[in-house]
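Excluded from the calculations below are hydrogen atoms, water molecules and symmetry mates; all remaining heavy atoms, backbone and side chain alike, are included. This one's a predicted model, so the numbers in the text were calculated from it and none came from an experiment. Each chain gets a letter, A, B and so on, in the order the sequences are listed, and its residues count up from 1.
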2 protein chains.
Amino acid sequence: MGTSKKEKFSTSQNRLADLAKALGHPARIAILQFLAAKDVCICGDIVDELPLSQATVSQHLAELKQAGLIKGEIEGPKVCYCINKKAWQEAKQLLAQFMTDVKSCC
Amino acid sequence: MGTSKKEKFSTSQNRLADLAKALGHPARIAILQFLAAKDVCICGDIVDELPLSQATVSQHLAELKQAGLIKGEIEGPKVCYCINKKAWQEAKQLLAQFMTDVKSCC
DNA sequence: TTTATATATCGTAATAATACGATAAAGGTT
DNA sequence: AACCTTTATCGTATTATTACGATATATAAA
(Lines give C-alpha, C1' and ligand atoms only; values in the text may rest on other atoms or scores of the structure.)
Protein backbone atom coordinates (compact mmCIF):
# COMPACT_ATOMS: atom_id res chain seq x y z
CA MET A 1 0.00 0.00 0.00
CA GLY A 2 2.79 2.45 0.81
CA THR A 3 3.65 2.45 -2.89
CA SER A 4 4.64 5.86 -4.17
CA LYS A 5 2.17 7.76 -6.39
CA LYS A 6 4.71 10.32 -7.52
CA GLU A 7 4.22 9.46 -11.17
CA LYS A 8 0.71 10.86 -10.89
CA PHE A 9 2.10 14.35 -10.44
CA SER A 10 3.82 16.63 -12.93
CA THR A 11 7.55 16.75 -13.56
CA SER A 12 7.83 20.23 -12.13
CA GLN A 13 5.85 19.30 -9.04
CA ASN A 14 8.20 16.37 -8.55
CA ARG A 15 11.29 18.49 -9.14
CA LEU A 16 10.17 21.02 -6.54
CA ALA A 17 9.36 18.26 -4.08
CA ASP A 18 12.72 16.56 -4.64
CA LEU A 19 14.58 19.79 -4.05
CA ALA A 20 12.61 20.51 -0.91
CA LYS A 21 13.12 16.98 0.32
CA ALA A 22 16.88 17.31 -0.12
CA LEU A 23 16.70 20.32 2.21
CA GLY A 24 14.39 18.47 4.57
CA HIS A 25 16.93 17.35 7.16
CA PRO A 26 18.85 19.56 9.60
CA ALA A 27 22.09 17.72 8.89
CA ARG A 28 21.86 18.64 5.22
CA ILE A 29 21.02 22.24 6.08
CA ALA A 30 24.09 22.26 8.32
CA ILE A 31 26.28 20.79 5.59
CA LEU A 32 25.19 23.45 3.11
CA GLN A 33 25.71 26.24 5.63
CA PHE A 34 29.15 24.90 6.43
CA LEU A 35 30.09 24.75 2.76
CA ALA A 36 28.82 28.30 2.34
CA ALA A 37 30.58 29.70 5.40
CA LYS A 38 34.00 28.72 4.10
CA ASP A 39 33.47 30.29 0.72
CA VAL A 40 35.85 27.77 -0.82
CA CYS A 41 35.55 24.14 -1.67
CA ILE A 42 35.94 22.03 1.42
CA CYS A 43 38.37 19.14 1.32
CA GLY A 44 37.74 16.85 4.24
CA ASP A 45 36.62 18.45 7.51
CA ILE A 46 32.94 17.91 6.97
CA VAL A 47 32.61 14.80 9.11
CA ASP A 48 34.32 16.51 12.04
CA GLU A 49 31.80 19.34 11.91
CA LEU A 50 28.75 17.18 12.35
CA PRO A 51 27.51 15.15 15.32
CA LEU A 52 27.03 12.11 13.14
CA SER A 53 29.12 9.14 12.13
CA GLN A 54 31.27 9.18 9.03
CA ALA A 55 28.95 6.75 7.26
CA THR A 56 25.88 8.85 7.96
CA VAL A 57 27.50 12.08 6.80
CA SER A 58 28.62 10.36 3.61
CA GLN A 59 25.03 9.29 3.05
CA HIS A 60 23.71 12.83 3.50
CA LEU A 61 26.38 14.14 1.12
CA ALA A 62 25.29 11.56 -1.43
CA GLU A 63 21.70 12.76 -1.17
CA LEU A 64 22.69 16.38 -1.74
CA LYS A 65 24.79 15.23 -4.68
CA GLN A 66 21.87 13.23 -6.04
CA ALA A 67 19.65 16.32 -5.91
CA GLY A 68 22.41 18.10 -7.80
CA LEU A 69 22.96 20.71 -5.10
CA ILE A 70 26.61 19.89 -4.42
CA LYS A 71 29.45 18.29 -6.27
CA GLY A 72 32.52 16.48 -5.02
CA GLU A 73 35.89 16.38 -6.68
CA ILE A 74 38.50 13.85 -5.70
CA GLU A 75 41.68 15.55 -4.53
CA GLY A 76 44.28 13.08 -3.46
CA PRO A 77 42.94 10.99 -0.62
CA LYS A 78 40.26 13.57 0.20
CA VAL A 79 37.21 14.81 -1.62
CA CYS A 80 36.57 18.51 -2.17
CA TYR A 81 32.92 19.47 -1.82
CA CYS A 82 31.30 22.53 -3.29
CA ILE A 83 27.87 23.98 -3.82
CA ASN A 84 26.90 23.38 -7.44
CA LYS A 85 26.49 26.99 -8.45
CA LYS A 86 24.31 26.47 -11.49
CA ALA A 87 21.98 24.00 -9.81
CA TRP A 88 21.81 26.12 -6.69
CA GLN A 89 20.71 29.22 -8.59
CA GLU A 90 18.18 27.13 -10.43
CA ALA A 91 16.83 25.65 -7.20
CA LYS A 92 16.67 29.06 -5.59
CA GLN A 93 14.76 30.43 -8.55
CA LEU A 94 12.35 27.49 -8.68
CA LEU A 95 11.56 27.65 -4.99
CA ALA A 96 11.26 31.43 -4.95
CA GLN A 97 8.93 31.35 -7.93
CA PHE A 98 6.80 28.69 -6.33
CA MET A 99 6.61 30.54 -3.02
CA THR A 100 5.65 33.73 -4.84
CA ASP A 101 3.09 32.08 -7.08
CA VAL A 102 1.33 30.60 -4.11
CA LYS A 103 -0.51 33.72 -3.07
CA SER A 104 -2.53 33.61 0.09
CA CYS A 105 -5.99 35.07 0.11
CA CYS A 106 -6.53 35.50 3.84
CA MET B 1 19.91 2.91 15.36
CA GLY B 2 17.58 4.88 13.17
CA THR B 3 16.98 7.17 16.15
CA SER B 4 16.71 10.81 15.14
CA LYS B 5 19.61 13.15 15.94
CA LYS B 6 17.65 16.30 15.22
CA GLU B 7 18.19 17.65 18.71
CA LYS B 8 21.86 17.95 17.89
CA PHE B 9 21.14 20.72 15.41
CA SER B 10 20.02 24.29 16.02
CA THR B 11 16.42 25.45 16.24
CA SER B 12 16.71 27.44 13.04
CA GLN B 13 18.30 24.54 11.19
CA ASN B 14 15.43 22.35 12.33
CA ARG B 15 12.83 24.95 11.40
CA LEU B 16 14.24 25.25 7.91
CA ALA B 17 14.38 21.49 7.54
CA ASP B 18 10.79 21.08 8.77
CA LEU B 19 9.54 23.67 6.30
CA ALA B 20 11.41 22.04 3.46
CA LYS B 21 10.19 18.62 4.47
CA ALA B 22 6.59 19.85 4.42
CA LEU B 23 7.18 20.86 0.80
CA GLY B 24 8.96 17.60 0.08
CA HIS B 25 6.12 15.69 -1.54
CA PRO B 26 4.48 16.38 -4.91
CA ALA B 27 1.00 15.93 -3.46
CA ARG B 28 1.62 18.74 -0.99
CA ILE B 29 3.07 20.94 -3.73
CA ALA B 30 -0.08 20.23 -5.74
CA ILE B 31 -2.33 21.06 -2.79
CA LEU B 32 -0.62 24.40 -2.25
CA GLN B 33 -0.78 25.24 -5.95
CA PHE B 34 -4.45 24.35 -6.02
CA LEU B 35 -5.18 26.55 -3.02
CA ALA B 36 -3.24 29.37 -4.66
CA ALA B 37 -4.90 29.04 -8.04
CA LYS B 38 -8.36 29.62 -6.64
CA ASP B 39 -7.36 32.73 -4.77
CA VAL B 40 -10.09 32.05 -2.21
CA CYS B 41 -10.39 29.60 0.62
CA ILE B 42 -11.37 26.22 -0.70
CA CYS B 43 -14.25 24.43 0.96
CA GLY B 44 -14.25 20.77 -0.02
CA ASP B 45 -13.09 19.95 -3.57
CA ILE B 46 -9.52 19.17 -2.61
CA VAL B 47 -9.90 15.41 -2.54
CA ASP B 48 -11.44 15.39 -6.03
CA GLU B 49 -8.44 17.26 -7.40
CA LEU B 50 -5.85 14.73 -6.33
CA PRO B 51 -5.19 11.19 -7.52
CA LEU B 52 -5.14 9.94 -3.95
CA SER B 53 -7.67 8.56 -1.52
CA GLN B 54 -9.56 10.79 0.87
CA ALA B 55 -7.62 9.43 3.83
CA THR B 56 -4.27 10.14 2.22
CA VAL B 57 -5.21 13.67 1.21
CA SER B 58 -6.44 14.35 4.72
CA GLN B 59 -3.07 13.17 6.01
CA HIS B 60 -1.16 15.47 3.66
CA LEU B 61 -3.39 18.39 4.68
CA ALA B 62 -2.64 17.61 8.32
CA GLU B 63 1.08 17.76 7.62
CA LEU B 64 0.82 21.14 5.93
CA LYS B 65 -1.27 22.32 8.86
CA GLN B 66 1.31 20.98 11.29
CA ALA B 67 4.04 22.94 9.53
CA GLY B 68 1.79 25.98 9.87
CA LEU B 69 1.55 26.57 6.14
CA ILE B 70 -2.21 26.21 5.85
CA LYS B 71 -5.19 26.56 8.12
CA GLY B 72 -8.61 24.95 8.00
CA GLU B 73 -11.84 26.48 9.20
CA ILE B 74 -14.91 24.37 9.76
CA GLU B 75 -17.82 25.58 7.66
CA GLY B 76 -20.85 23.43 8.16
CA PRO B 77 -20.05 19.89 7.14
CA LYS B 78 -17.07 21.00 5.06
CA VAL B 79 -13.72 22.50 5.95
CA CYS B 80 -12.39 25.62 4.26
CA TYR B 81 -8.66 25.52 3.62
CA CYS B 82 -6.41 28.50 3.11
CA ILE B 83 -2.75 29.32 2.90
CA ASN B 84 -1.69 30.77 6.24
CA LYS B 85 -0.55 34.15 4.98
CA LYS B 86 1.67 35.11 7.89
CA ALA B 87 3.40 31.74 8.11
CA TRP B 88 3.77 31.58 4.35
CA GLN B 89 5.54 34.93 4.16
CA GLU B 90 7.74 33.86 7.01
CA ALA B 91 8.61 30.57 5.34
CA LYS B 92 9.30 32.30 2.06
CA GLN B 93 11.61 34.76 3.78
CA LEU B 94 13.41 32.05 5.74
CA LEU B 95 14.02 29.87 2.70
CA ALA B 96 15.01 32.79 0.49
CA GLN B 97 17.45 34.03 3.10
CA PHE B 98 18.94 30.58 3.46
CA MET B 99 19.29 30.09 -0.27
CA THR B 100 20.92 33.50 -0.59
CA ASP B 101 23.25 33.02 2.35
CA VAL B 102 24.52 29.79 0.87
CA LYS B 103 26.84 31.33 -1.65
CA SER B 104 28.62 29.05 -4.03
CA CYS B 105 32.28 29.53 -4.72
CA CYS B 106 32.65 27.57 -7.93
C1' DT C 1 55.75 -2.60 0.78
C1' DT C 2 53.57 -1.43 4.87
C1' DT C 3 50.89 1.94 7.15
C1' DA C 4 47.90 5.70 7.82
C1' DT C 5 44.11 8.68 6.20
C1' DA C 6 39.86 9.84 3.92
C1' DT C 7 35.52 8.32 1.69
C1' DA C 8 32.29 5.28 -0.02
C1' DT C 9 29.62 1.31 0.27
C1' DC C 10 27.47 -2.84 2.45
C1' DG C 11 24.64 -4.83 5.77
C1' DT C 12 21.34 -4.11 8.91
C1' DA C 13 18.36 -2.21 12.63
C1' DA C 14 15.13 1.22 13.93
C1' DT C 15 12.08 4.78 12.82
C1' DA C 16 9.33 7.66 9.77
C1' DA C 17 6.52 8.41 5.77
C1' DT C 18 3.11 7.01 2.45
C1' DA C 19 -1.12 5.00 1.25
C1' DC C 20 -5.71 3.22 1.80
C1' DG C 21 -9.91 0.74 3.65
C1' DA C 22 -12.84 1.00 7.44
C1' DT C 23 -14.86 3.55 10.78
C1' DA C 24 -15.89 7.52 13.62
C1' DA C 25 -17.43 12.24 14.17
C1' DA C 26 -19.99 16.30 13.03
C1' DG C 27 -23.21 18.84 10.53
C1' DG C 28 -26.76 19.19 7.31
C1' DT C 29 -31.19 17.34 5.01
C1' DT C 30 -35.52 14.87 4.65
C1' DA D 1 -35.34 10.18 13.94
C1' DA D 2 -33.01 8.34 9.81
C1' DC D 3 -29.91 9.52 6.26
C1' DC D 4 -26.38 11.78 3.47
C1' DT D 5 -22.09 14.41 3.04
C1' DT D 6 -17.66 15.75 4.40
C1' DT D 7 -13.57 15.22 6.94
C1' DA D 8 -10.68 13.08 10.51
C1' DT D 9 -8.80 9.21 12.67
C1' DC D 10 -7.60 4.24 13.35
C1' DG D 11 -5.42 0.20 11.94
C1' DT D 12 -2.23 -1.64 9.12
C1' DA D 13 0.78 -2.84 5.11
C1' DT D 14 4.51 -1.23 2.39
C1' DT D 15 8.32 1.46 1.37
C1' DA D 16 11.71 5.05 2.43
C1' DT D 17 14.77 7.37 5.53
C1' DT D 18 18.06 7.62 9.09
C1' DA D 19 21.84 5.87 11.47
C1' DC D 20 26.01 3.30 12.39
C1' DG D 21 29.56 -0.51 12.54
C1' DA D 22 32.26 -3.01 9.50
C1' DT D 23 34.54 -3.28 5.41
C1' DA D 24 36.21 -1.93 0.88
C1' DT D 25 38.74 1.40 -1.89
C1' DA D 26 42.00 4.69 -3.09
C1' DT D 27 45.75 7.73 -2.25
C1' DA D 28 49.61 9.48 0.33
C1' DA D 29 53.38 8.81 3.46
C1' DA D 30 56.93 6.14 5.82
Whole angstrom is fine here: how far is it from NZ in B/Lys6 over to C1' in C/dA14?
-> 14 Å
Within the side chain of B/Trp88, is there an N or O that forms a donor-acceptor pair under 3.5 Å with the backbone of B/Ile70?
-> no
side-chain hydrogen bond (donor to acceptor under 3.5 Å, both in side chains) pairs, two or more places apart, involving residues 43-54 of chain B = B/Ser53-B/Thr56
Under the side chain to side chain contact (heavy atoms under 4.5 Å, CB included) test, which residues partner A/Gln97, sequence neighbours left out?
-> A/Gln93, A/Asp101
Donor-acceptor pairs under 3.5 Å, side chain of residues 17-36 of chain B to any protein atom, not counting sequence neighbours: which ones?
{"from": "B/His25", "atom 1": "ND1", "to": "B/Ala27", "atom 2": "N", "distance (Å)": "3.0"}
{"from": "B/Arg28", "atom 1": "NE", "to": "B/Ala22", "atom 2": "O", "distance (Å)": "2.8"}
{"from": "B/Arg28", "atom 1": "NH1", "to": "B/His60", "atom 2": "ND1", "distance (Å)": "2.9"}
{"from": "B/Arg28", "atom 1": "NH1", "to": "B/Glu63", "atom 2": "OE1", "distance (Å)": "3.3"}
{"from": "B/Arg28", "atom 1": "NH2", "to": "B/Lys21", "atom 2": "O", "distance (Å)": "3.3"}
{"from": "B/Gln33", "atom 1": "OE1", "to": "A/Gln13", "atom 2": "NE2", "distance (Å)": "2.8"}

B/Gln66 atom CD, over 12 foreign heavy atoms within 6.0 Å = no
For B/Val79, the side chain to side chain contact (heavy atoms under 4.5 Å, CB included) test, sequence neighbours excluded, returns B/Ile74, B/Tyr81
Can a side chain N or O of B/His60 be found less than 4.0 Å away from OP1 or OP2 on C/dA19?
-> yes
Sugar-phosphate atoms are those with a prime plus P, OP1 and OP2; base atoms are the rest. Using that split, label each nucleotide of nucleotides 1-10 of chain C B, S or - for protein heavy atoms under 4.0 Å, 5' to 3'.
-> -----SBBB-
Interatomic distance where NZ belongs to A/Lys5 and C1' belongs to D/dA13 [whole Å] | 13 Å
Can you list the residues that meet the side chain to side chain contact (heavy atoms under 4.5 Å, CB included) rule with B/Pro51, with sequence neighbours excluded?
-> A/Lys8, A/Phe9
Does the B/Cys41 SG fall under 2.5 Å from that of B/Cys82?
-> yes
Looking only at heavy atoms, the pair that brings B/Arg15 and B/Leu94 closest together is CG-CD1, 3.9 Å
Assess whether atom CD of A/Gln89 is packed by more than 12 heavy atoms of other residues, nucleotides or ligands within 6.0 Å.
-> yes
OP1 or OP2 of C/dA19 under 4.0 Å from side-chain N/O of B/His25 = yes
Per the under-4.0 Å heavy-atom filter, residues of residues 28-38 of chain B near DNA chain D come out as none
Do A/Val57 and A/Val47 touch side chain to side chain, with heavy atoms closer than 4.5 Å?
-> yes
Looking across every strand, which nucleic acid part, if any, lies under 4.0 Å from A/Leu52 by heavy atom: base, sugar-phosphate, or nothing?
-> sugar-phosphate
Mind calculating the distance between CD1 (B/Ile74) and C1' (D/dT5) to the nearest angstrom?
-> 15 Å
Results of side chain to side chain donor-acceptor pair (under 3.5 Å) for B/Lys78 - residues two or more places apart only | none
The helix from C/dT1-D/dA30 to C/dT30-D/dA1: angle between its terminal axes, five pairs each, to 10°?
-> 10°
Which residues in residues 7-22 of chain A have at least one heavy atom lying under 4.0 Å from any atom of DNA chain D?
-> A/Lys21
Under the side chain to side chain donor-acceptor pair (under 3.5 Å) rule, collect the residues that match up with B/Ser58, sequence neighbours excluded.
-> none
